[in-house]
Amino acid sequence: MLDRKFVIENIELVEENCRHRGVTVDVRKLADLEQQRRAKQIEAEDLNRQANEKSKLIGKAAEGAEREALKEGARQLREQKEQAAAEVDALAAEADAILRVIPNLSHPAAPIGVDDKANLELRKGKHQPPVFDFPVLDHVQLGERLDLFDFEAGGKVAGHGFYYLKNEAAQLELALQQYVLNLLVGEGFTPTITPDLARNEILQGIGFIPRGPETQIYSVADTDLSLIATAEITLGGWYAKETFDSDQLPLKLCGVSHCYRTEAGAHGAATRGLYRVHQFTKVEMFAFTLPDESEEMLEYFCGLECRIFDELGIPYRVVDTATGDLGGPAYRKYDLEAWMPGRGDGGEYGEVTSTSNCTEYQARRLAIRYRIKGEKGTHFVHTLNGTAVAISRALIAILENNQRADGSVAVPEVLQPLLGKDVIEPRK
RNA sequence: GGAUGGGUGGCCGAGUGGUUGAAGGCGCUGGUCUUGAAAACCAGUUUACGGGAAACCGUAACGAGGGUUCGAAUCCCUCCCCAUCCGCCA
C-alpha cells in the first residue's frame, strides 16, 4: 500500500493513477477520514497523558479521601480516553480499508491503458517462431501421442483443472527445475523450497485476496491458511516484520513451490490442456533491494527470464504491461509471452513468465524495512518478483515448438543431460 | 499429542503492581589520552505513530491478544513460539 501521508499530500496524482489502473477509489474520503483520525488521536493521547499523570500521583499519595478522589478522577479520564481511542480505531479501520485498495504508483514509462490490449511489445527473443511443413499439433495432442499427461484421471481424482504428468513430462518438470535452479545459483540466488501454504495475513501483505467471491485462492477450512498461488507469497513473507541492515541488500532468493489457483470463471479453448490449471510447479525469483536498486533489478530479472527461454530455444516476446493490467502491487511489470504453435489459429503468444517491481507497496504492508548504519530510523525495502519457470506453461512451449513430423519432440539441448535423452518419441 | 521449563533492547541478562523505555554487562558510535593502536576514562546508542520549519515534544511497545487495576514487564485467561523428555510418524 501507499504511504498515508503521501496519498493525502498528492490526492490528484493518486486519483489519476487510479484512473489509469482502472480502480475506483474515493481518495478524498480517505483524506477526510485521516484528518478526523488525527484530531481524535491527539485528543485520545492527551486524555491518556492526563490519566497517567494522575495515576503517578496516586502512587505517592497517602491513603484516604484524597487518594480515592484521585482514583475516581483517573478512572473518568481513562473512560474518556477509551471512548476516544475507540473512535480513532474506527476511523483508522475505515481509512485503512480505502488505503488498501489503492494500487501502487505506476512507472512513468509504463504504457497507459485499461487492459492487456495496451501492452507494449519491447523486443523479441533470439529464436524465430518455427515454420512447420506438416500439420501442427497442440500440446494436448502431442501429450496423447507421447503419453505425457492424464487429464481424465486428474479430473476424476481432484477435479477439472488437475492433471497427472507422466513419463518424460514428469522428468521434464524435474529437469526444468534443476536447470533453472542451477542457473540461478550461478547468479547468486539462494535456492529454497518454500511452504505451499501461508497465513492469510501474508497473502494479503503480498496483495492477494484470500477469501471472497473474486478470490483466486484456495483456503483451508477452519484455519487462517491458504494454498499459495505463487512462491512470491512465501518468499516475500519470509522477512515480514523484519529489518535488514542495508549491507545485506540486495537479497536474491529463488523458491520452488507448487502454485494453486482456483481460476474462477476462466474457461474456453485457449485454456485447454495445461494452459490454465489449478496446480502447477514454479521456480520463482524474489529480491529485496534498496529503493535505488529496484529498477535495475527488474531489468536483471527480465534479462534472466529471457536468457532461460533463449537457452530453451523458445521464441518469445517481451511486453511492458499496461497500467490497467498491472494488478495492485506492481509499479512496473514485464511479461514474457512464448510462441505457442498449437494455440489459437496457427499459433499465438501466451504468457509464460512475468516480473514485477513492487517498490515499497508490499514491504509497507508486510513491514519489511532496512536500516542504514549510523543513521536514525528505518525505511521500507523494495520487493521484486519474477517467474524463472512455470513448469506447465514452459511444457506447452517446449512440446509445441519442438514437435517434428514423425510426432516426436526434440528435447532442448540444456535439458538433454538432465533428461538423459535428446528426443521424446511415441511409445510403441 | 502429553509433561516440564522458558520467551525482556543489536546480544547476554536483572526486574518487590507505582517517576522502569526498562539496572548491569557486551557490542557499537563519538570524545579524552597516545606518534599510532590497544587499554583506561567520559558521553551517546530502539522503533512506530502523532505534533513541530527545527531543536524537540506527546503517545505506544518487555512473544501475541484479552482481562483485573487509578496504574501491569510484574497478577489472571487464551493463543503462538522455543528448549528438554515421552509418545507417534515419512
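Sequence lines set the chain letters: A, B, ... in the order given, protein chains first and strands last, and positions in each chain run from 1. What you see below is based on every heavy atom in this structure, not just the backbone, and it leaves out hydrogens, waters and symmetry mates.
A23(B) and U46(B) have their P atoms separated by 11 Å, given to the nearest Å. C42(B) and U4(B) have their P atoms separated by 48 Å, given to the nearest Å. Across the C1' atoms, U20(B) and A37(B) are found 39 Å apart, a figure rounded to whole Å. Atom C1' of G24(B) sits at a distance of 14 Å from the matching atom of U8(B), rounded to the whole Å. Of the C1' atoms belonging to A73(B) and G9(B), the separation is 13 Å, rounded to the nearest Å. Between the P atoms of C26(B) and A39(B), the separation comes to 11 Å (whole Å). Taking atom C1' on both nucleotides, C76(B) is separated from G44(B) by 40 Å, rounded to a whole Å. Rounded to a whole angstrom, the distance from the C1' atom of G36(B) to that of A22(B) is 40 Å.
Taking the six-membered ring where tryptophan is involved, the planes of His139(A) and Phe149(A) are perpendicular, since the angle between them exceeds 60° and thus also 30°. His379(A) and Tyr370(A) have tilted rings, their planes meeting at an angle from 30° to 60° on a 0 to 90° scale.
Applying the side-chain contact (heavy atoms from CB on, under 4.5 Å) criterion to Ile8(A), with sequence neighbours excluded, gives Ala31(A), Glu34(A), Arg38(A). Qualifying ring pair (Phe, Tyr, Trp, His ring centres under 6.0 Å) partners for Phe189(A), counting only residues two or more places apart in sequence or in other chains: Phe301(A). Phe288(A) is linked by a ring pair (Phe, Tyr, Trp, His ring centres under 6.0 Å) to Tyr239(A), Phe244(A), Phe286(A), counting only residues two or more places apart in sequence or in another chain. Every residue two or more places apart in sequence or in another chain that forms a side chain to side chain donor-acceptor pair (under 3.5 Å) with Tyr334(A) is listed here: Glu299(A), Arg332(A). Residues passing the side chain to side chain donor-acceptor pair (under 3.5 Å) test with Glu43(A) are Lys40(A), sequence neighbours excluded. Applying the side chain to side chain donor-acceptor pair (under 3.5 Å) criterion to Thr383(A), with sequence neighbours excluded, gives Gln362(A). Take Arg364(A) and apply the side chain to side chain donor-acceptor pair (under 3.5 Å) test, not counting sequence neighbours, and it matches Glu360(A).
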* Chi angles and distances behind the side chain to side chain contact (heavy atoms under 4.5 Å, CB included) call for Arg28(A), Glu15(A) -> CA-CA 9 Å; Arg28(A) 278 165 207 281; Glu15(A) 281 179 332; 3.1 Å; yes

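In the region residues 359-366 of chain A, proximity to RNA chain B at under 4.0 angstrom, judged on heavy atoms, holds for none of the residues. Residues from residues 40-55 of chain A placing a heavy atom under 4.0 Å of any atom in RNA chain B, listed by number, are Gln41(A), Ile42(A), Glu45(A), Asn48(A), Arg49(A), Asn52(A), Ser55(A).
Between Leu326(A) and Ser106(A), the shortest heavy-atom distance links the atoms CD1-OG, 4.3 Å.
In terms of position on RNA chain B, the residue among Arg369(A) and Arg38(A) whose nearest nucleotide sits closer to the 5' end is Arg369(A). Of the residues near RNA chain B, Arg4(A) and Arg75(A), the one whose nearest nucleotide (by heavy atom distance) lies more toward the 5' end is Arg4(A).
If you check every strand for non-hydrogen atoms under 4.0 Å, Lys241(A) touches nothing. Among the heavy atoms of the strands, none lies under 4.0 Å from Arg199(A). Looking at heavy-atom distances under 4.0 Å, Thr243(A) makes no contact with the nucleic acid at all. At the heavy-atom level, Arg37(A) lies under 4.0 Å from the strands shown only through sugar-phosphate atoms. Gly377(A) comes within 4.0 angstrom of the backbone, heavy atoms only, and of no base.
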* Dot-bracket for RNA chain B, 5' to 3', counting Watson-Crick or G-U wobble pairs under 3.5 Å, with [ ] for crossing pairs and | for inter-strand pairs? -> ((((((((.[[[..)..(.....]]]((((((.......))))))((((((....)))))).[[[[[..)....]]]]])))))))....

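No salt bridge links Lys166(A) with Asp150(A); every basic N to acidic carboxylate O contact stays at or beyond 4.0 Å. Arg49(A) has no carboxylate O lying under 4.0 Å from a charged side-chain N of Glu45(A), or vice versa, which leaves the two without a salt bridge. We find that Lys29(A) and Asp32(A) are not joined by a salt bridge, their nearest charged nitrogen and carboxylate oxygen being 4.0 Å or further apart.
For residues 386-398 of chain A, the set of pairs meeting the side-chain hydrogen bond (donor to acceptor under 3.5 Å, both in side chains) definition, not counting sequence neighbours, comprises Tyr275(A)-Arg393(A).
On the nucleic acid side, RNA chain B contacts chain A at distances under 4.0 Å to non-hydrogen atoms, with the end points of that region at G18(B) to G71(B).
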